[in-house]
Amino acid sequence: AHAVNGIFGVAELFILIDKPWINLANSLVAILAGVGLNLILIPPYGMIGAAAAVLILFGCLNLVRLIQVAVLYGLQPLTRYHGKAAAAFAIALCAGWGLKQAAGIHAMIADVSAVLIGWVLFFGLIRAMGPAPEESGVLHKWRRKFGRGS
């Protein structure tokens, strides 16, 4: 859910800066929807229901914000780099889940291993697919600051 929000949450900035009252309305509706989703999904599904509620909420909220930005500003704020991050996350998530399912080890060890492998795979795929220009600029500044390149 947080990866969905991090990757697709770019539209909030447009609305937050120029039309904060729309962002406030979005937040109020999101709070009510979140409470409703949790009341519906947690009793039968427990923690999985809570996670699903947050995923549904973030997905819908970001879709609404993208539509609002398209209508208000005539912009589509997503770039091919957002697709790259989404694909890397999906592949890493599937690999981590597969490891957890295949592992015949203690559940806690399987969970930690799946998370660590997912992180390595996610960042490895991001690196293999190439950084966005802004990411390259930040990396270049860090390398100069910390003495790894010119």
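- Remark: Leu139 CG to Lys141 NZ distance equals 11.5 Å, nearest 0.5 Å.
- Under a hydrophobic clustering in which Ile, Leu, Val, Met, Phe, Trp and Tyr are joined whenever their side-chain heavy atoms come within less than 4.5 Å, directly or via other members, Met129 and Leu121 fall into the same cluster.
- Remark: Leu63 CG is packed, more than 12 non-hydrogen atoms of other residues, nucleotides or ligands lying under 6.0 Å away.
- Residues Val69 and Val64 do not share a hydrophobic cluster, clusters being chains of Ile/Leu/Val/Met/Phe/Trp/Tyr side chains in contact below 4.5 Å.
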Can you give each donor-acceptor pair under 3.5 Å made by side-chain atoms of residues 27-42, sequence neighbours left out, with the distance rounded to 0.1 Å?
residue: Ser27; atom: OG; partner: Asn23; partner atom: O; Å: 3.0
residue: Asn38; atom: ND2; partner: Gly34; partner atom: O; Å: 2.9

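- Both Trp21 and Leu72 sit in one connected hydrophobic cluster of ILVMFWY residues. Membership requires side-chain heavy atoms under 4.5 Å apart, directly or through other members.
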Compile the donor-acceptor pairs under 3.5 Å between side chains in residues 3-18 and protein atoms, sequence neighbours left out, one pair per line.
residue: Asn5; atom: OD1; partner: Asn62; partner atom: ND2; Å: 3.0
residue: Asp18; atom: OD2; partner: Tyr73; partner atom: OH; Å: 2.8

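- Of the inter-residue distances, the one linking Leu61 atom CG with Leu66 atom CG reads 10.0 Å to the nearest 0.5 angstrom.
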